[in-house]
Amino acid sequence: MGTVNIKILDSTLREGEQTPGVYFDSHIKLAIAELLDEIGIDIIETGHPAVTDEIYSTVKMLAGKQFKSVIGAHARSVRKDIELALDCGVGFLGIFYCVSDERLNGVFKKDLQDAIEKIVTSIEFAKKENPGLLIRYTPEDTVRSEYKNVITAAVAAVEAGADIISIADTTGFMVPGTSKNMYDYVTRLKEDFDKRSLNPLIAVHCHNDRGLALANALDALRGGANIIDASVLGLGERAGIVDLAQLLAVLTLEYNITGWKLDKLSDLYNLVSTHSGVPVPVNSPIVGKNAFTHCAGVHTHAAAINPMHYESINPELFGKERHFALDHMSGIASVRFALKQVGISDLEPETELLVLERIKSIGQRGRIVELSELPHIVETSKHYKRIIK
Ligand code: COA
Ligand code: ZN
């Protein structure tokens, strides 16, 4: 796969806080932002300043830091929201407003023209107040809204000064390879901008309701998207959005994108997990406890000789180590490998077998045998006598 030019927007502090019950204190937001900046994230969406005074103050504090990442805020198409965001001194502003007839008529009692007027007024105001501000306009629930409404509003937004148009799959509705896919959506939108000699950056915001957020984001990337939204642990409304670590892993491994400090991802995930109360699943790619642990004897046997037989990702790339778990799935190769790790060699084959028996017996009770237990298991196995024949 060739190199692509893609920017990453992390929304752990904005979308992530839309996870029910999740709130990061200001100093935790600062610690998270520092790690995101260190990892090399392009844009950090830090919050919606109109939501609470504390969020406003935190966004302002983060915008005042000398980060390499651009600090962003979220706003409705409302003068008050935009003024508060501008006052925070952010470099990026995401403005959203829906465009579907159903929502406009049903919820807002407005038509498309009213909506466009609100969007244009908001963007023109923000751009006039801060010409250097990067402005993103999101037609909410883009992919399920009437396409003619989306393109009309998006063109008006770009003409009013928006730099980025975000395609939001707000409900995780898209499925790669079907008639409703991100690749087709992005290519169509880009072509329609091209025809009008407009060239905004295209961002994608993919929700994970069908478990396809990352697949949809990659489909959008193939269609020419320029910015992908993600969050730590995929935190966000309902099933959340694209998982940051998984996204960075795929972009590094498949698209040859370099420059991210991937070895900081574990620290970031531990920090976010601790303060969100959302555990890192043990089988989570890259950051999960088991992500680089081999278990079954057949796997360990081959992987101990050459890990590539059972790995397609090198753990070292993420500052992680390969592990071999000892439990009822272990075989004699697993035992020999583990014994070597604790510096035990030249065991009698019968003792090795007794050690394996012991490990399988403990494993069957649902527990992994720690390496630190091994010397003691060896010692007891040496003294073990079978008295019942
Ligand atoms: N642009 C402009 N106005 C919008 C809008 C948009 N994109 N989306 C919703 N609104 C309006 C609604 O019409 C409604 O206003 P109205 O009651 O005057 O009709 C209001 O925003 C939302 O309703 P409600 O939440 O009851 O209003 P509120 O004034 O009590 O609170 C917030 C507004 C934004 C402070 C509050 O909803 C909040 O804290 N939200 C969290 C952030 C959020 O919702 N983010 C969504 C990200 S996709
Ligand atoms: Zn979202």
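A quick note: this is a predicted structure, and the numbers were derived from the prediction, not measured. Remember, it's 1-based here, ligands and their atoms both numbered in the order they're listed.
- Of the listed residues (Lys118, Gln18, Lys80, Arg103), the one carrying the non-hydrogen atom nearest atom 45 (N) of ligand 1 is Gln18.
- For atom 6 (C) of ligand 1, the closest non-hydrogen atom of the protein is Tyr97 CD1, 3.3 Å.
- At the shortest separation from atom 12 (C) of ligand 1 among protein heavy atoms lies Phe108 CE2, 3.8 Å.
- Not less than 6.0 angstrom separates the ring centroid of Tyr137 from the ring centroid of Tyr97.
- Taking only nitrogen or oxygen atoms, main chain and side chain alike, Phe96 reaches within less than 3.5 Å of ligand 1.
- There is a protein heavy atom closer than 4.0 angstrom to atom 47 (C) of ligand 1.
- There is no path of hydrophobic side-chain contacts, each under 4.5 Å, that joins Phe324 to Val369.
- If you check which protein heavy atom lies closest to atom 3 (N) of ligand 1, you get Val78 CG2, 3.5 Å.
- Taking a distance limit of 4.0 Å, we find that atom 1 (N) of ligand 1 is approached by some protein heavy atom.
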Let's go through Ser26 and Thr58 carefully: what are the C-alpha distance in whole Å and the side-chain angles of both, what is the deciding distance for side chain to side chain donor-acceptor pair (under 3.5 Å) to 0.1 Å, and is it a yes or a no? CA-CA 6 Å; Ser26 301; Thr58 310; 2.9 Å; yes
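- In this structure, Glu237 has no heavy atom closer than 4.0 Å to ligand 1.
- Every atom of ligand 1 is numbered from 1 in the order shown, and the set under 4.0 Å from a heavy atom of Ala50 is 35 (C).
- Applying the salt bridge (Lys or Arg N to Asp or Glu O under 4.0 Å) criterion to Asp163, with sequence neighbours excluded, gives Lys127.
- By the definition of a contact as any protein heavy atom under 4.0 Å away, atom 14 (C) of ligand 1 is not in contact.
- Nearest protein heavy-atom neighbour of atom 40 (N) of ligand 1: Val51 CG2, 4.0 Å.
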Should Lys29 and Glu17 be marked as a salt bridge (charged side-chain N to carboxylate O under 4.0 Å, His left out) after you check the CA-CA gap, both sets of side-chain angles, and the distance that decides it? CA-CA 11 Å; Lys29 284 200 173 91; Glu17 272 203 353; 2.7 Å; yes
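- Of all non-hydrogen atoms in Ile359 and Asp327, the two that sit nearest each other are CG2-O, 3.6 Å.
- Judged by distance alone, with hydrogens and angles left aside, the side-chain atoms of Asp10 form no donor-acceptor pair with the main-chain N or O of Ile44 at under 3.5 Å.
- In this structure, Glu15 falls outside the shell of residues with a heavy atom less than 4.0 angstrom from ligand 1.
- Between the Asp192 side chain and the Leu189 main chain, no donor and acceptor come within less than 3.5 Å of each other.
- Closest protein heavy atom to atom 43 (C) of ligand 1: His48 ND1, 4.3 Å.
- The distance criterion of under 3.5 Å between nitrogen or oxygen atoms is met by Ser77 with respect to ligand 1.
- Within a 4.0 Å radius of atom 8 (N) of ligand 1, the protein has at least one heavy atom.
- Listed by chain and number, the protein atoms of type N/O/S under 2.8 Å from the Zn ion (ligand 2) are Glu15 OE1, His205 NE2, His207 NE2; waters are omitted.
- Within a 4.0 Å radius of atom 23 (O) of ligand 1, the protein has no heavy atom.
- In this structure, the side chain of Lys360 engages the main chain of Ser330 through a donor-acceptor pair within 3.5 Å.
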After noting the C-alpha distance and the side-chain angles of Leu326 and Leu374, does the key distance pass the side chain to side chain contact (heavy atoms under 4.5 Å, CB included) rule? CA-CA 10 Å; Leu326 293 173; Leu374 215 48; 4.1 Å; yes
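- When distances from atom 19 (O) of ligand 1 to the protein are checked, no heavy atom turns up under 4.0 Å.
- Phe96 pairs by the ring pair (Phe, Tyr, Trp, His ring centres under 6.0 Å) definition with His74, not counting sequence neighbours.
- Looking at ligand 1, you'll find an N or O of Arg76 within less than 3.5 Å of one of its N or O atoms.
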Chi angles and distances behind the side chain to side chain contact (heavy atoms under 4.5 Å, CB included) call for Arg188, Tyr147: CA-CA 10 Å; Arg188 182 178 183 191; Tyr147 184 77; 3.3 Å; yes
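- Counting only distance, with no hydrogens or angles, the side chain of Ser69 and the backbone of Ile41 share a donor-acceptor pair below 3.5 Å.
- By the ring pair (Phe, Tyr, Trp, His ring centres under 6.0 Å) test, Tyr23 pairs with no residue at all, sequence neighbours left out.
- Residue Arg14 has at least one heavy-atom neighbour below 4.0 Å for each of these atoms of ligand 1: 47 (C).
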